[in-house]
Amino acid sequence: EFLPSFLPRSRNNLEEIDDICRNVIRDMNLWGVCVVNNFLGTEKGLAVLDEVLSIHSAGLFRDGQLVSNKAGASDLKTIRGDQITWLDGKEKNCQNIGMLISKVDAIIMRANKMHNNGKLGDYTINGRTKAMVACYPGYGSHYVKHVDNPNRDGRCITAIYYLNRDWDITQNGGLLRIFPEGWQDQVANIEPLFDRILFFWSDRRNPHEVQPAYKTRYAITLWYFDAEERNEACRRYQRDKEINSKPGNS
Ligand SMILES: Cc1cc(NC(=O)CCC(=O)O)nc(C)c1Br
Ligand SMILES: [Fe+3]
């Protein structure tokens, strides 16, 4: 319907981006972890979910690694971990995933500029991985406790967008538990709720695990690079490759 022009414009998305940036900067510098709910709004969130569901039903997810179940060797049944696929968001029928990626980029790049002369947590962020779309198929699939970037591969921030509607953690499991360094014995229990995005430092400060999920659980992950750490990792990789390619080396 026609809206009289004198009505206040809805908060434009730059104001919204600024608000989110301030939250991200504060929480990352205070806790190393930041949760933002209602990131895209229901309608756009559902559009992203639809694209992920159609990718999944098209069988484009690579089977996740096999993890032996808790019963150990006795019971040979193995449980698939997460199934994943990598997207840059420009593929056909992925425009909403592409819009999500652009919004996360806008937040990270703006937060990077806003905070003490262009550094977020003393990082200079200049790139990221493709988007990793992950699906935990349920039936107890989980992800063991790990650190995303234990050996300075260049990744400084992990961003995970969750797509799970009507998620009941008591029935469906799939809790992400982070054990932030410096929090003493406190842990961060993150429910993988629809339209929620989570940011955390990718290095050893944030070991985390996904507890067994009993309903299909979707997430889209982006990892952002720190320029210096990434360049150093690439130089190390090149050097190792040269050393290993010389005759007589292992
Ligand atoms: C493939 C891969 C997946 C993940 N995912 C999570 O940690 C789960 C987070 C969540 O879905 O809540 N992490 C690493 C370091 C690799 Br590699
Ligand atoms: Fe991880």
Side-chain angles (χ1 to χ4, degrees), residues 27-28 31-37 39 45 48-49 52-53 55-56 60-68 78-88 97 100-101 104 108 128-165 167-181 183 187-226 229-230 233 237:
D27 288 359
M28 290 303 280
W31 314 112
V33 179
C34 173
V35 175
V36 178
N37 296 316
F39 185 61
V48 172
L49 175 59
V52 170
L53 291 174
I55 292 167
H56 195 203
L60 298 178
F61 278 70
R62 191 167 52 78
D63 274 346
Q65 71 283 16
L66 285 169
V67 285
S68 63
T78 49
I79 294 176
R80 282 217 172 286
D82 55 334
Q83 302 167 323
I84 61 174
T85 190
W86 293 90
L87 297 174
D88 63 16
I97 293 173
L100 164 71
I101 294 171
V104 186
I108 294 293
R128 62 163 162 76
T129 64
K130 285 185 162 188
M132 184 187 79
V133 186
C135 166
Y136 287 77
Y139 353 102
S141 54
H142 63 290
Y143 207 94
V144 294
K145 188 172 178 179
H146 66 279
V147 168
D148 284 2
N149 172 14
N151 305 314
R152 294 183 64 78
D153 65 22
R155 293 178 294 169
C156 61
I157 292 182
T158 303
I160 309 177
Y161 181 72
Y162 294 112
L163 290 152
N164 308 293
R165 302 174 71 198
W167 191 267
D168 174 357
I169 207 77
T170 56
Q171 301 295 318
N172 309 138
L175 182 80
L176 172 73
R177 175 161 290 168
I178 309 178
F179 304 80
E181 194 182 74
W183 281 31
V187 295
N189 294 321
I190 315 286
E191 299 186 20
L193 304 182
F194 174 74
D195 200 22
R196 164 175 281 182
I197 189 164
L198 163 70
F199 300 95
F200 57 88
W201 300 130
S202 308
D203 64 14
R204 292 168 186 258
R205 284 172 284 182
N206 287 314
H208 54 283
E209 65 187 11
V210 177
Q211 297 186 342
Y214 299 99
K215 190 169 101 172
T216 310
R217 177 189 186 280
Y218 292 103
I220 300 177
T221 304
L222 294 160
W223 283 280
Y224 287 85
F225 292 125
D226 166 62
E229 185 178 315
R230 184 65 180 165
Y237 176 77

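For ligands, and for the atoms within them, numbers begin at 1 and follow the listed sequence. What you are looking at is a predicted structure, and each value in this text was computed from that prediction instead of being measured.
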If I take the Fe ion (ligand 2) as the centre, what angle separates the NE2 atom of His146 from the NE2 atom of His208? Nearest 10 degrees is fine. 80°
Could you check whether the rings of Trp86 and Trp223 sit parallel, tilted or perpendicular, using 30° and 60° as the cut-offs? tilted
For a quick check under 3.5 Å, do Asp195 and Tyr162 share a side-chain donor-acceptor pair by atom type? no
Ile160 heavy atom under 4.0 Å from ligand 1: yes
For Arg177 and Gln211, indicate whether the former's side chain and the latter's backbone hold a donor-acceptor pair under 3.5 Å. no
If we only count N/O pairs under 3.5 Å, is Tyr143 in contact with ligand 1? no
Any atom of ligand 1 sitting under 4.0 Å from a heavy atom of Glu209? no
Closest approach to the Fe ion (ligand 2) by Asp148, given as the N, O or S atom name: OD1
Would you say the side chain of Lys215 lies within less than 4.5 Å of the side chain of Asn164, judging by non-hydrogen atoms? no
Would you check if the side chain of Asn172 reaches a backbone N or O of Asp168 as a donor-acceptor pair within less than 3.5 Å? yes
Short list, please: which atoms of ligand 1 are under 4.0 Å from a heavy atom of Leu176? 9 (C), 12 (O)
Under 3.5 Å between any N/O of Trp223 and any N/O of ligand 1: does that happen in this structure? no
Going by the order shown, which atoms of ligand 1 are within less than 4.0 Å of some heavy atom of Arg217? 10 (C), 11 (O), 12 (O)
Show which atoms of ligand 1 fall inside a sub-4.0 Å distance from at least one heavy-atom site of Asp148. 13 (N), 14 (C), 15 (C)
Would you say the side-chain atoms of Arg204 pair up with the backbone N or O of Pro150, donor to acceptor, closer than 3.5 Å? yes
May I ask you to decide if Asp82's main-chain N or O and Ser141's side chain share a donor-acceptor pair within less than 3.5 Å? no
